[in-house]
Amino acid sequence: MKRRHVLKLGCAALASAGVAGRLFAAPGTGPRFLLVFLRGGYDSTNLLVPYSSSFYYESRPNIAIPRPDPGTSTAALALNADWALAPAVRDTIGTLYQQRQVAFIPFAGTDDLSRSHFETQDSIELGQPAGGVRDYRSGFLGRLSETLVGSPANATPIAFTDALPLAFEGSATVPNLSLKNVGKPPFDERQAKILDDMYARHHLETAVREGLDLRQEVAQKIAEEMSAANRSAINTKGFELEAERMGRLMRDKYRIGFIDVGGWDTHVGEGAAQGVLANNLASLGRGLQAFSQTLGPEWHNTVVVVRSEVGRSFRENGNRGTDHGHGTVYWIMGGAINGGTIAGEQRAVNRGTLLQDRDFPVLNDYRAVLGGLFRTLWGLSPDQCGRIFPQVGPKDLKLV
């Protein structure tokens, strides 16, 4: 499908860019909303840890986060009698949680049961009712932006992405600014050549060359699969480095933002308190903390939602990772939210409550949750909420 023309602007251009003579300017105060989309399906069970559940530790013999223990740096941080926070974000998100600026919503997600990166990403970004014909020209953030055009909030949107995300499709003009650095190739060609030269005219020369070629081929296929799941999203380290720039732009000019962050498809070697997932969470936490600090007083007018398209399987797999799942955990952040809580409908975590004996069920529909946030942030009418998320009523979790 041909996509409509979008603006790609550098930093200097953003300062004065306009469309049809209208400058991208906004009042100094007013609601701000940022959606952080973790592409690839992050393992929320090793972020918000159900430490009171013995089933969690039985299901993850190699990758479970240790129970809370004040004397151990690799132990989880207890939030209440049932849930704890991964130590990777103890000093960032944990600190904000203790300041009541973060809330978590477990058992959250969509009614799409495909567990597919691409199917579910599209479903979520469109925000349209399940089972109907999809209109790929209309994303839920695009409909929100259209609803707010001409309102006193003057909620000017921006996507911090390479291309306009599906969520912003619609009639509203939305600029996009890429923050992604070009990554390194999966292999160092110089090192591969040195190894190849070392075995030249050796009886193992053919085997070594074939092994190097195979290694490169397999790595390339894995990289292509992960890149597809990430849809060219910035990685967590890039997000951490660019968070201040995002904060300045949303503090001074923009009111509705979207950023996608890749690298969450942890089928192999996920790790527990330390490892791949922990490193990604740590970078994400530092980036979000920097974003909040850069906003200054406007952090109290800001709501950030962190979400992923799918959850992960509750049990670890044979590769000490997790596979695609269903329900996940949303983060709600902001300087003036009613945080320091685990919100939404919940269940005890045991085998009997798993969906299809595999993963978390979805008890908190994302369209209802976001609809409730939008209604409160911008004072939307029932008709306006219905245009943004058709056929679902807003769910007010009393977080804003």
Side-chain angles (χ1 to χ4, degrees), residues 6-19 22-38 92-93 96 101-102 139-142 144-149 151-162 164-165 167-168 172-180 233-234 236 238-261 283-307 330-337 339 370 373-374 376-378 399-400:
V6 298
L7 299 176
K8 294 193 71 174
L9 305 171
C11 280
L14 277 170
S16 59
V19 174
R22 177 173 60 83
L23 289 178
F24 283 114
T29 60
R32 290 161 173 77
F33 176 80
L34 175 68
L35 180 66
V36 181
F37 200 130
L38 308 183
T92 54
I93 306 305
L96 290 171
Q101 296 180 18
V102 178
F140 79 86
L141 287 180
L144 173 64
S145 300
E146 293 161 10
T147 298
L148 295 174
V149 167
S151 72
N154 195 16
T156 48
I158 186 170
F160 299 102
T161 53
D162 279 1
L164 192 71
F168 264 132
T173 300
V174 181
N176 62 287
L177 169 68
S178 175
L179 302 178
K180 182 166 62 67
I234 194 172
T236 53
F239 174 80
E240 179 184 352
L241 294 172
E242 297 293 349
E244 289 188 19
R245 179 153 59 134
M246 288 172 51
R248 287 194 297 271
L249 288 167
M250 292 203 68
R251 179 190 65 201
D252 298 336
K253 295 180 178 296
Y254 299 96
R255 297 296 177 267
I256 303 175
F258 177 102
I259 175 74
D260 48 9
V261 184
S283 288
L284 180 67
R286 288 190 294 266
L288 289 167
Q289 185 180 58
F291 177 79
S292 70
Q293 292 169 346
T294 304
L295 280 165
E298 295 303 334
W299 175 237
H300 293 274
N301 293 318
T302 301
V303 171
V304 176
V305 172
V306 180
R307 61 148 308 142
Y330 286 11
W331 317 9
I332 312 297
M333 306 176 59
I337 71 163
L370 291 183
L373 290 175
F374 294 165
T376 304
L377 280 174
W378 286 287
L399 294 178
V400 295

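Note that the structure is a prediction, hence the values are computed from the model and not measured.
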Side-chain heavy-atom pair [X], [Y] within 4.5 angstrom cut-off:
{"X": "Met333", "Y": "Val303", "result": "no"}
{"X": "Asn301", "Y": "Pro31", "result": "no"}
{"X": "Leu144", "Y": "Ile256", "result": "yes"}
{"X": "Leu288", "Y": "Leu96", "result": "no"}
{"X": "Val174", "Y": "Phe258", "result": "no"}
{"X": "Leu373", "Y": "Val305", "result": "yes"}

Mind listing the closest non-hydrogen atom pair of [X] and [Y] along with its distance?
{"X": "Gly287", "Y": "Ala243", "answer": "O-CB, 3.1 Å"}
{"X": "Arg245", "Y": "Ser178", "answer": "NH2-O, 4.5 Å"}
{"X": "Tyr254", "Y": "Pro157", "answer": "CD2-O, 3.5 Å"}
{"X": "Thr302", "Y": "Leu295", "answer": "OG1-CD1, 3.6 Å"}

Query raised in the report: Are the aromatic ring centres of Phe33 and Phe374 under 6.0 angstrom apart?
Result: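 Yes, they do, as the ring centres are separated by less than 6.0 Å.
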Requested in this report: State, without any angle test, whether Asn176 and Thr161 hold a side-chain donor-acceptor pair at a distance under 3.5 Å.
Outcome: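 There is no such pair between these side chains.
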Query raised in the report: Can you find a side-chain donor-acceptor pair between Gln101 and Trp299 that sits under 3.5 Å?
Result: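 Yes, Trp299 and Gln101 have a side-chain donor paired with an acceptor closer than 3.5 Å.
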Requested in this report: Mind running side chain to side chain contact (heavy atoms under 4.5 Å, CB included) on Leu284 and Glu240 for me, showing each step along the way?
Outcome: CA-CA 6 Å; Leu284 180 67; Glu240 179 184 352; over 6 Å; no
Requested in this report: Sequence neighbours left out, what passes ring-ring contact (aromatic ring centres under 6.0 Å, His included) with Phe291? Give chain and number order.
Outcome: none
**Report entry** Pairing residues for Phe37 by the ring-ring contact (aromatic ring centres under 6.0 Å, His included) criterion, not counting sequence neighbours
**Finding:**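 For Phe37, no residue satisfies ring-ring contact (aromatic ring centres under 6.0 Å, His included) once neighbours in sequence are set aside.
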**Report entry** Side-chain ion pair, Glu298 and Arg251, N-O less than 4.0 Å
**Finding:** no
**Report entry** Side-chain (Arg32) to main-chain (Met250) donor-acceptor, under 3.5 angstrom
**Finding:** yes
Query raised in the report: Thr156 side chain to Lys253 main-chain N or O, any donor-acceptor pair under 3.5 Å?
Result: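 Yes, because the side chain of Thr156 sits within donor-acceptor range (under 3.5 Å) of the backbone of Lys253.
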Report task. State which residues pass side chain to side chain contact (heavy atoms under 4.5 Å, CB included) with Thr236; sequence neighbours excluded, sorted by chain then number. Result -> Val261, Trp264, Asn280, Ser283
Query raised in the report: Could you walk me through whether Ile234 and Ile259 pass the side chain to side chain contact (heavy atoms under 4.5 Å, CB included) check?
Result: CA-CA 8 Å; Ile234 194 172; Ile259 175 74; 3.9 Å; yes
Nearest 0.5 Å, please: how far is [atom2] in [Y] from [atom1] in [X]?
{"X": "Ile337", "Y": "Thr376", "atom1": "CD1", "atom2": "OG1", "answer": "12.5 Å"}
{"X": "Ser292", "Y": "Ile93", "atom1": "OG", "atom2": "CD1", "answer": "8.0 Å"}
{"X": "Leu249", "Y": "Glu242", "atom1": "CG", "atom2": "CD", "answer": "10.0 Å"}
{"X": "Leu38", "Y": "Phe239", "atom1": "CG", "atom2": "CZ", "answer": "8.5 Å"}

Report task. Applying side chain to side chain contact (heavy atoms under 4.5 Å, CB included), run through Tyr330 and Val306 and close with a yes or a no. Result -> CA-CA 6 Å; Tyr330 286 11; Val306 180; over 6 Å; no
